[in-house]
Amino acid sequence: MTKYDEMELDKIGDEKTALFIIIDDKISSFNFLCAIMYSQLFKDLCDKADNVYHGRLPIHVRCILDEFANCGQIPDFEKIISVIRSREISANVIVQNPAQIKKLYGENAKTIEGCCDSILFLGSSESEVNKYISDKVGKTTIDHRGTSTSKGQNGSYSVSDQIISRELITPAEVGLLPNDECILFIRGIRPFKSKKIRLNKCRNHQQLADFNSDMYFDIKKYNKVMKERKEAEERAKNGFFDDDSIVSAEKKPKMEILDIFNAENKCSGGKNSDGA
């Protein structure tokens, strides 16, 4: 599984590259490989940015860490996420619940969250998550008018105006957020609600397998082709070849001599130099 280096992680920042890391979401036996890969990726890219490109990669590298909690614990990620930004590397940490990060990284979860300048909330039915979002949005002040009436022989009526605070959006209102809306937090500006992008309205929707089955990427077929190609290269390296496209350096001169002999033999009608 780890015998060959087929990914060339240090070259990702040199040119536009798409690297897909696919793991089984039902079994966590190999999650450690994914965590090690990410750790090696960040180290290689940071080293290359510092030693080759004077601190910044020429191509921005964005790591979309979907199902981040299922990737295993990336060693020193709370330190990595705080230093990669200056080297043209960013990480999109995607989880279903912030508690997943806290469970995986403990107290370092606050550091990871603090290094994220943008937080996008798509919706949740978890009460703790809704309260977390409500507290993060903050509070506002509203004008409150109260009236009081007393009846009797000496009846009275009074009106009082005061300013009170309330949540901009209560946890209950967060739980009732429509499916087509989201809440976006960006450092330095007030949080706001926005409409989600409808996938079928995206200009690149026609390039997805959901729209056109011909765009489906068959990973098993790809792996099979790559395995056959590697085996062919190994055979060629050892002096074996299956067709004219794979010829070893040692065999090629002998084949060229043999081809010349056959061509001369055909021209002479199959006769040798003595006419026999």
Side-chain angles (χ1 to χ4, degrees), residues 1-49 52-53 57-75 88-92 94 199 202 204-263 265-266:
M1 182 178 298
T2 57
K3 184 177 180 181
Y4 302 102
D5 179 13
E6 301 173 341
M7 293 184 289
E8 298 180 331
L9 298 177
D10 60 323
K11 296 183 179 180
I12 291 180
D14 297 338
E15 57 186 10
K16 291 185 177 181
T17 307
L19 175 63
F20 296 89
I21 308 301
I22 303 173
I23 60 175
D24 194 334
D25 57 356
K26 303 181 294 297
I27 303 175
S28 59
S29 303
F30 297 104
N31 285 4
F32 73 95
L33 286 176
C34 183
I36 292 174
M37 188 283 302
Y38 277 122
S39 179
Q40 187 66 40
L41 171 66
F42 291 129
K43 180 182 182 303
D44 289 349
L45 293 181
C46 288
D47 288 345
K48 193 153 195 177
V52 179
Y53 295 112
L57 295 173
I59 303 295
H60 183 83
V61 178
R62 174 174 294 177
C63 301
I64 304 177
L65 308 178
D66 193 13
E67 294 293 345
F68 179 71
N70 296 329
C71 295
Q73 184 177 1
I74 301 175
E88 285 294 336
I89 307 170
S90 61
N92 295 349
I94 304 174
L199 185 60
C202 180
N204 294 325
H205 180 245
Q206 297 181 356
Q207 300 180 17
L208 299 177
D210 294 338
F211 179 84
N212 184 0
S213 59
D214 293 337
M215 303 301 294
Y216 177 75
F217 179 74
D218 191 340
I219 183 64
K220 292 183 179 180
K221 184 178 179 180
Y222 172 80
N223 288 336
K224 181 180 179 181
V225 172
M226 294 302 295
K227 182 179 179 181
E228 293 175 351
R229 179 179 299 178
K230 184 174 291 293
E231 291 175 350
E233 292 176 353
E234 289 293 332
R235 289 194 297 269
K237 187 183 297 183
N238 296 328
F240 300 97
F241 50 91
D242 298 330
D243 50 38
D244 293 339
S245 61
I246 304 178
V247 180
S248 68
E250 296 180 356
K251 296 288 184 179
K252 190 172 182 179
K254 298 179 181 179
M255 289 189 65
E256 291 176 349
I257 295 174
L258 184 60
D259 289 340
I260 295 173
F261 174 81
N262 290 336
N265 196 24
K266 289 181 180 180

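All of these numbers come straight from a predicted model, not from anything done at the bench.
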Give, for atom CD1 of Ile23 and atom CZ of Phe30, the distance between the pair rounded to the nearest 0.5 Å. 11.0 Å
Any non-hydrogen side-chain atom of Cys63 less than 4.5 Å from a side-chain atom of Leu41? yes
Heavy-atom count around Lys48 NZ within 6.0 Å, excluding the residue itself: above 12? yes
Distance in Å, Leu33 CG paired with Cys71 SG, rounded so as to fall on 0.5 Å steps: 12.0 Å
With sequence neighbours excluded, what pairs up with Tyr222 under the ring pair (Phe, Tyr, Trp, His ring centres under 6.0 Å) test? Phe217
Out of curiosity, Lys16 NZ to Ile59 CD1, how far, rounded to the nearest 0.5 Å? 6.5 Å
Shortest non-hydrogen contact from Lys11 to Thr17? O-OG1, 4.4 Å
Please report the C-alpha distance between Val52 and Asp14 in whole Å, then the side-chain angles of each, then the deciding distance to 0.1 Å, and finally whether the side chain to side chain contact (heavy atoms under 4.5 Å, CB included) criterion is met. CA-CA 10 Å; Val52 179; Asp14 297 338; over 6 Å; no
Minimum-distance pair of heavy atoms, taken over all atoms of Gly13 and Val61: CA-CG2, 3.9 Å
Test item: Lys237 and Glu234 side chains (from C-beta on) under 4.5 Å apart, heavy atoms: yes
Lys43 and Leu9: CA distance, side-chain angles, deciding distance, side chain to side chain contact (heavy atoms under 4.5 Å, CB included) verdict: CA-CA 10 Å; Lys43 180 182 182 303; Leu9 298 177; over 6 Å; no
In terms of heavy-atom contacts, Ser39 and Ile74 come closest through N-CG2, 4.2 Å
Beyond-backbone contact of His205 with Leu199, side-chain heavy atoms, under 4.5 angstrom: yes
Check whether any side-chain heavy atom of Phe211 lies under 4.5 Å from a side-chain heavy atom of Asn204, and answer yes or no. no
Side-chain contact test, heavy atoms from C-beta onward, threshold under 4.5 Å: evaluate it for Ile64 versus Ile94 and give yes or no. yes
Can you see which heavy atom on Ala35 is nearest to which on Gly72, and at what distance? CB-C, 4.3 Å
Find the distance between CZ (Phe68) and CD (Gln73) and round it off to the nearest 0.5 Å. 9.0 Å
Step-by-step side chain to side chain contact (heavy atoms under 4.5 Å, CB included) determination, Lys230 to Met226: CA-CA 6 Å; Lys230 184 174 291 293; Met226 294 302 295; over 6 Å; no
Nearest heavy atoms of Leu57 and Glu88, plus distance in Å: O-CG, 3.6 Å
For a quick test of reading the model, state the closest non-hydrogen atom pair linking Ile89 to Leu45 and the distance between them. CD1-CB, 3.6 Å
Test: Asp218 and Lys220 ion pair at under 4.0 Å: no
